[in-house]
Peer 1: 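Let me begin by handing over the structure; questions about it come next.
First the proteins, then the strands, lettered A, B, ... as listed; each starts at 1. All values below come from the heavy atoms of this structure, side chains included, with hydrogens, waters and symmetry mates left out.
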Amino acid sequence: MRNCRQAEIICTKIQYKEATFLEKLQIRLHLLLCRTCRAFVKKNSRLTALCDKANLKTLGLEEKERLKKKLSGKQQ
Amino acid sequence: MNPKLNNPSQKKSITFEYTTRMTKQLLNPDTWVDRYSDYLFNYAISRVNDAEIAKDLVQETFFAGLKSAKNFKGEAAERTWLISILKRKVIDHYRKINSQKAKSMVRITQTRDTEQRGDFMEQQVADPTSLLENSALENEELGIAIQECINKLPKKHALAFTLKTINGLSTEEVCKELNINPSNLWVIIHRARTALMDCLNTNWFKI
C-alpha cells in the first residue's frame, strides 16, 4: 500500500486534474484507511478554491524580463 | 486620563522596543522584479481594473523607486515603500483621467432634465443591501494575502507554484522553464502548497 507522502502528492496532482486513473484508484483506497490524508485533501481543495476566488494575476515571464532589462538600463 | 501612560518608565520601554525592532533596511533593485512585481501588479489591477494600465503603473513605480532610492531612509520594508509609491501613482493616474473628463461632466449635468427622478445625490448612491462590493473587497484582500504568502516561499517553489496555478501552464512547460523532471516538480508544488496552507491559516483564516 502507498504511504501518506505519496498520497499527498497524488492529491496535489488531482488539484490540477493531472492524476492518472491508476493514481486516483490508489488514493481512493488510501483515503478509506487514512484519516489524516482525508483532512489533507479537504485543506488542499480549499486552497484551490481560495486561489480561484482571489483571481490572481501575474505579469508574464517575458514581461518580467523586459522590466528587468529596463531597470538595469536605468541603474547605470 | 490613563495613569499608566504617564508612567515614564513604561514609555521608555516602549520606545526601546520600537528602536530595536527597526533594523535598518536596504534596497536591492536587482531583486525587485522577481520579488515584488506580481504583488504590485495585483494591487494595481485591483485599483485600475485594466491590465495594461496596471503594467505601466508597476513599471513607473520601479523607475520612481530607483530615482528616489537616495531618499529611502531604511525605516520601512522595501515592499511597503514600493507600495506607497504605487499608491501615489494610482492617484496620479486618476487625476489625469479626471482632468480629461471634467469638461464633459459639467455639460452632462447642465443638460439633464431636473424633474427626472434620481437627480439628487441621495438617489444615486449604491444599494446599501448589495453584497457585491463586500465580496469584491474581500477577494482583493484575499489576493493580497495569498501574494504575501507566496513571497515568503523559497524562490524556486514560488515560481513553480505561480507558473502552474496562476499562469496555468502545463507540467511539461513548467519543467522546461525550471529545468527539472515532472516528479521533482510535483514534490516542489506539493511543498509550496503545504507552506501556503500554513501561511494562510495564520494570516487569513482556518482552511
Side-chain angles (χ1 to χ4, degrees), chain A residues 2-24 26-27 30-31 34-76, chain B residues 29-34 37-42 44-46 51 54-55 58-59 62-63 65-67 69 135 138-147 150 159 161-171 177 182-183 186-187 189-194 196-198 200-201 204-207:
Chain A
R2 305 208 134 213
N3 63 30
C4 288
R5 214 179 128 57
Q6 282 165 322
E8 283 179 1
I9 286 178
I10 294 175
C11 167
T12 300
K13 279 189 193 175
I14 289 175
Q15 300 305 320
Y16 298 95
K17 300 194 172 66
E18 289 188 28
T20 61
F21 177 71
L22 191 67
E23 282 173 332
K24 278 185 206 160
Q26 280 165 332
I27 201 171
H30 182 86
L31 287 182
C34 179
R35 183 191 286 194
T36 324
C37 284
R38 279 203 293 271
F40 182 82
V41 169
K42 220 174 172 183
K43 264 170 65 176
N44 216 342
S45 329
R46 265 316 263 292
L47 181 65
T48 308
L50 279 181
C51 285
D52 287 346
K53 207 173 119 189
N55 192 19
L56 290 169
K57 306 229 167 41
T58 59
L59 288 165
L61 282 177
E62 304 102 59
E63 196 59 43
K64 280 184 186 167
E65 283 305 315
R66 202 179 55 81
L67 255 181
K68 268 186 205 169
K69 267 188 199 141
K70 275 196 174 176
L71 263 183
S72 61
K74 282 250 170 178
Q75 261 179 290
Q76 278 136 27
Chain B
D30 296 330
T31 60
W32 282 358
V33 177
D34 284 331
S37 58
D38 285 339
Y39 179 70
L40 295 175
F41 183 61
N42 271 302
I45 223 170
S46 66
K55 221 190 282 173
V58 171
Q59 184 174 320
F62 284 145
F63 288 166
L66 268 186
K67 226 180 193 175
S135 72
E138 198 182 280
N139 286 351
E140 186 191 315
E141 281 171 5
L142 173 65
I144 288 170
I146 293 178
Q147 203 62 247
I150 292 176
L159 189 60
F161 181 80
T162 28
L163 285 179
K164 194 88 186 84
T165 316
I166 303 172
N167 296 359
L169 292 184
S170 73
T171 312
E177 191 65 51
S183 60
W186 284 115
V187 172
I189 287 180
H190 171 245
R191 283 192 190 146
R193 287 184 78 98
T194 318
L196 274 183
M197 285 176 224
D198 287 344
L200 282 176
N201 214 0
W204 186 247
F205 55 62
K206 293 247 175 272
I207 66 164

Peer 1: Rounded to the nearest 0.5 Å, how far apart are CG of Asn201(B) and NZ of Lys43(A)?
Peer 2: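 The CG atom of Asn201(B) sits 6.0 Å away from the NZ atom of Lys43(A).
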
Peer 1: Would you please test Met197(B) and Arg46(A) for side-chain contact (heavy atoms from CB on, under 4.5 Å) and show each step?
Peer 2: CA-CA 9 Å; Met197(B) 285 176 224; Arg46(A) 265 316 263 292; over 6 Å; no

Peer 1: For Lys67(B), is it the side chain, the backbone, both, or neither that has a heavy atom closer than 4.5 Å to a heavy atom of chain A?
Peer 2: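 It is neither, since no heavy atom gets under 4.5 Å.
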
Peer 1: Would you mind checking which part of Ser37(B) comes under 4.5 Å of any heavy atom in chain A, side chain (CB onward), backbone (N, CA, C, O), both or neither?
Peer 2: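 Both backbone and side chain of Ser37(B) come within 4.5 Å of chain A.
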
Peer 1: Need one label for Glu18(A): side chain, backbone, both or neither, based on atoms under 4.5 Å from any heavy atom in chain B.
Peer 2: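 Side chain only.
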
Peer 1: Given that the side chain runs from C-beta out, which part of Gln15(A) has a heavy atom under 4.5 Å from chain B: side chain, backbone, both or neither?
Peer 2: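 For Gln15(A), the side chain is the part near chain B, not the backbone.
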
Peer 1: Pair Arg5(A), Val187(B) - check side-chain contact (heavy atoms from CB on, under 4.5 Å), show working.
Peer 2: CA-CA 10 Å; Arg5(A) 214 179 128 57; Val187(B) 172; 3.7 Å; yes

Peer 1: Of the backbone (N, CA, C, O) and the side chain (C-beta and beyond), which part of Thr171(B) lies under 4.5 Å from a heavy atom of chain A, both, or neither?
Peer 2: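 The answer is both parts of Thr171(B).
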
Peer 1: Is it the side chain or the backbone of Ile144(B) that comes within 4.5 Å of chain A heavy atoms, both, or neither?
Peer 2: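 Neither the backbone nor the side chain of Ile144(B) comes within 4.5 Å of chain A.
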
Peer 1: Donor-acceptor pair, Arg193(B) side chain versus Asn44(A) backbone, under 3.5 Å?
Peer 2: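 Between the backbone of Asn44(A) and the side chain of Arg193(B) there is a qualifying donor-acceptor contact (under 3.5 Å).
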
Peer 1: Are Thr165(B) and Tyr16(A) linked by a side-chain donor-acceptor pair shorter than 3.5 Å?
Peer 2: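 Side chains of Thr165(B) and Tyr16(A): pair found under 3.5 Å.
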
Peer 1: Is it the backbone or the side chain of Ser45(A) that comes under 4.5 Å from a heavy atom of chain B, or both, or neither?
Peer 2: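 Neither; nothing under 4.5 Å.
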
Peer 1: As an exercise: rank Lys13(A), Lys68(A), Lys53(A) by heavy-atom pairs under 4.5 Å with chain B and give me the winner.
Peer 2: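 Top count of heavy-atom pairs under 4.5 Å with chain B: Lys13(A).
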
Peer 1: Going through the checks in order, is the side-chain contact (heavy atoms from CB on, under 4.5 Å) test met by Asp38(B) and Lys64(A)?
Peer 2: CA-CA 9 Å; Asp38(B) 285 339; Lys64(A) 280 184 186 167; 3.0 Å; yes

Peer 1: Please report the closest heavy-atom contact between Trp186(B) and Ile9(A), naming both atoms and the distance.
Peer 2: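 Residues Trp186(B) and Ile9(A), closest heavy atoms: CB-CG2, 3.9 Å.
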
Peer 1: Please classify the contact between Phe41(B) and chain A as side chain, backbone, both or neither, with a heavy-atom cut-off of under 4.5 Å.
Peer 2: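 Just its side chain gets close to chain A.
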
Peer 1: Between Glu177(B) and chain A, with a heavy-atom cut-off of 4.5 Å, which part of the residue counts as in contact: side chain, backbone, both or neither?
Peer 2: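 Contact with chain A involves the side chain of Glu177(B) alone.
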
Peer 1: Side-chain contact test, heavy atoms from C-beta onward, threshold under 4.5 Å: evaluate it for Cys51(A) versus Ile146(B) and give yes or no.
Peer 2: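 SC-SC contact between Cys51(A) and Ile146(B) confirmed.
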
